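Presented below is the structure to which this report refers.
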Amino acid sequence: MASTATCTITSSDSEPTEFILPDFFSDCRYPMRLNPHCDQVSRASAQWLCSEAHLVEPDVTKYTTILRPGYFASSCYPDADAFHLKVCADFLGWSFKMDDWLEIERSPDVNDAWGVRDCCVSAYRDPVNFQTERYSGKMCKSYFGRFKETGGPGCTERFIHTMDLWFISAAKEVENRVKGHIDDVESYIELRRDLSGCKACFALIEFVCQIDLPDEVVSHPVIMALEEAANDFVSWSNDILSYNMEQSHHSTHNLVAVLMVKQGLDLQGAVDYCAQLCNISLQRFEENRAVLPSWGEEVDKDVAKYVEGLQNWIVGPLQWSFESARYFGKDAHIVKQNRVVKLLPKRPL
């Protein structure tokens, strides 16, 4: 089980100064693997991101050396060939840029968020003929044009649909920030399942495996439950791991922060509650995997690949979180060992 520590270290004015992470690597025992094409694809994807996003320092270092989207993709898609892995790495690099653009880099603009959605979804629908001057849309045209070279029709439509859900949820989150609104726990959970981006990343599992699951499979309650359990684990573990960075930016779009505000928990109590939800998600994943139905020998082979891909997505982000400097900077390996996170000072508003 996750850490149940209840002691929150505080300063003289009773504000917490640190918290203890759950023991994720004891709780989640799936094997951690890395794609053998990691180094090659990481270099190529970094060049693509710098060129397509017109990055200059310090963003070049941030989005390549610090965030390491190629390593992230290699952790989550360990069996992909170099071509398919590069598409995934480019998508994840673009996603990092979009996350920061929507959450950190600029003052919130709801209309702008909807405009980005219209642009990018149009780029997905016709990556060849759609024209735009937005960097975000041009990057979509680039990586999704390559996606469509091998992606099946069902897989392609699932990616577009789930990305549209992401853009809609991102716009809602921008609107919440403009209004200073904090969702209740249930509403936050529903929004987070779309805003995590996992649903589109799960469509990429089909893409890298070069399979196209039938509708009767993807609509089956057990498959949907497996996806939701994997999504929840990624979301809640990420909310714990990212909390320190987000609180320093005054962000309340985080389950830890929502629990503190809406349920009156202290910081460590909220982290421990999230850890319990993570363990429940792992249990749900295994319970549903045990009752997978059969759709015939050939389809079952594809389903097995997809479920293994979901498992890789449960453990892959954990591996990346401590091998990149996204959340813990140069102290990532130390934090992984002692699980103590010292709170960053809040940035000036």
Side-chain angles (χ1 to χ4, degrees), residues 22 24 28 67 69 72-73 75-77 88 91-104 113 116-117 120-121 158-177 182-207 218 223-243 245-246 249 251-259 270-271 273-275 277-282 284-285 306 309-321 324 326-327:
F24 284 122
C28 182
L67 296 185
F72 193 4
S75 298
C76 296
Y77 306 104
C88 296
F91 166 72
L92 290 171
W94 170 88
S95 299
F96 288 146
K97 193 75 179 76
M98 291 298 296
D99 280 345
D100 286 350
W101 180 81
L102 286 167
E103 296 179 8
I104 296 174
V116 171
R117 175 226 182 182
C120 291
V121 172
R158 280 186 282 280
F159 180 89
I160 296 173
H161 172 66
T162 53
M163 280 306 299
D164 196 25
L165 294 178
W166 182 85
F167 284 115
I168 293 170
S169 62
K172 290 179 180 176
E173 173 55 20
V174 170
E175 186 174 3
N176 283 345
R177 283 193 289 133
I182 301 175
D183 283 329
D184 58 47
V185 175
E186 292 75 17
S187 299
Y188 174 81
I189 287 174
E190 289 303 313
L191 182 67
R192 187 71 168 97
R193 284 171 175 158
D194 288 337
L195 196 56
S196 70
C198 283
K199 293 178 179 180
C201 292
F202 296 165
L204 289 175
I205 296 171
E206 294 182 75
F207 168 72
V218 297
I223 296 295
M224 295 173 69
L226 283 164
E227 291 171 338
E228 185 174 275
N231 190 349
D232 284 354
F233 181 86
V234 174
S235 298
W236 312 146
S237 60
N238 180 262
D239 277 7
I240 295 171
L241 296 167
S242 66
Y243 173 77
M245 180 184 74
E246 291 177 356
H249 289 279
S251 174
T252 54
H253 181 76
N254 183 295
L255 186 56
V256 175
V258 171
L259 288 167
V271 169
Y273 189 100
C274 285
L277 294 181
C278 287
N279 283 333
I280 291 170
S281 298
L282 291 174
R284 285 161 46 211
F285 187 82
Y306 184 69
L310 293 175
Q311 175 182 296
N312 291 335
W313 248 98
I314 288 174
V315 72
L318 280 182
Q319 180 170 234
W320 165 82
S321 294
S324 75
R326 174 67 160 173
Y327 302 127

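Since this is a predicted model, take the numbers as computed values, not measurements.
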Residues F233, L318; criterion side-chain contact (heavy atoms from CB on, under 4.5 Å); working and verdict:
CA-CA 10 Å; F233 181 86; L318 280 182; 4.0 Å; yes

Item to check | Candidate pair C76 and N312, rule side-chain contact (heavy atoms from CB on, under 4.5 Å), full reasoning | outcome: CA-CA 5 Å; C76 296; N312 291 335; 5.7 Å; no

Out of curiosity, [X] [atom1] to [Y] [atom2], how far, rounded to the nearest 0.5 Å?
| X | Y | atom1 | atom2 | result |
| --- | --- | --- | --- | --- |
| S281 | E228 | OG | CD | 8.5 Å |
| I205 | Q311 | CD1 | CD | 10.5 Å |
| S196 | W236 | OG | CH2 | 8.5 Å |
| C201 | L92 | SG | CG | 5.5 Å |
| L277 | R284 | CG | CZ | 9.0 Å |
| C198 | L204 | SG | CG | 11.0 Å |

Pairwise side-chain contact, [X] with [Y], heavy-atom cut-off 4.5 Å (strictly under):
| X | Y | answer |
| --- | --- | --- |
| W320 | P69 | no |
| F167 | K172 | no |
| L191 | D183 | yes |
| M163 | V121 | no |
| N176 | T252 | no |
| S324 | L67 | no |

Closest non-hydrogen atom pair, [X] against [Y]:
| X | Y | result |
| --- | --- | --- |
| H253 | E246 | O-OE1, 3.4 Å |
| W166 | D99 | CZ2-OD1, 3.5 Å |
| P22 | A275 | CG-CB, 3.5 Å |
| S242 | N254 | OG-ND2, 3.5 Å |
| I240 | V271 | CD1-O, 3.8 Å |
| R193 | N231 | O-ND2, 2.9 Å |

request  = Measure from the side-chain N and O atoms of S187 to the backbone N and O of D184, and report whether any donor-acceptor pair falls under 3.5 Å.
outcome  = no

N238 and Y327: CA distance, side-chain angles, deciding distance, side-chain contact (heavy atoms from CB on, under 4.5 Å) verdict = CA-CA 10 Å; N238 180 262; Y327 302 127; 2.7 Å; yes

- [ ] Return yes if a side-chain donor-acceptor contact under 3.5 Å exists between E227 and Y306, otherwise no.
- [x] yes

When you check the gap from the basic side-chain N to the acidic O, do R192 and D232 get nearer than 4.0 Å?
no

Check your understanding: When you check the gap from the basic side-chain N to the acidic O, do E206 and R158 get nearer than 4.0 Å?
Key -> yes

message: Is it the case that the ring center of F159 lies less than 6.0 angstrom away from the ring center of F91?
response: yes

request  = Kindly state whether the ring of F285 and the ring of W313 have centres lying under 6.0 angstrom apart.
outcome  = no

Query - M245 and R326: CA distance, side-chain angles, deciding distance, side-chain contact (heavy atoms from CB on, under 4.5 Å) verdict - result: CA-CA 9 Å; M245 180 184 74; R326 174 67 160 173; 4.2 Å; yes

query = How are the rings of F72 and F96 set to each other: parallel, tilted or perpendicular (split at 30° and 60°)?
reply = parallel

The single option from I182, D239, L259 that satisfies side chain to side chain contact (heavy atoms under 4.5 Å, CB included) with Y188 is D239

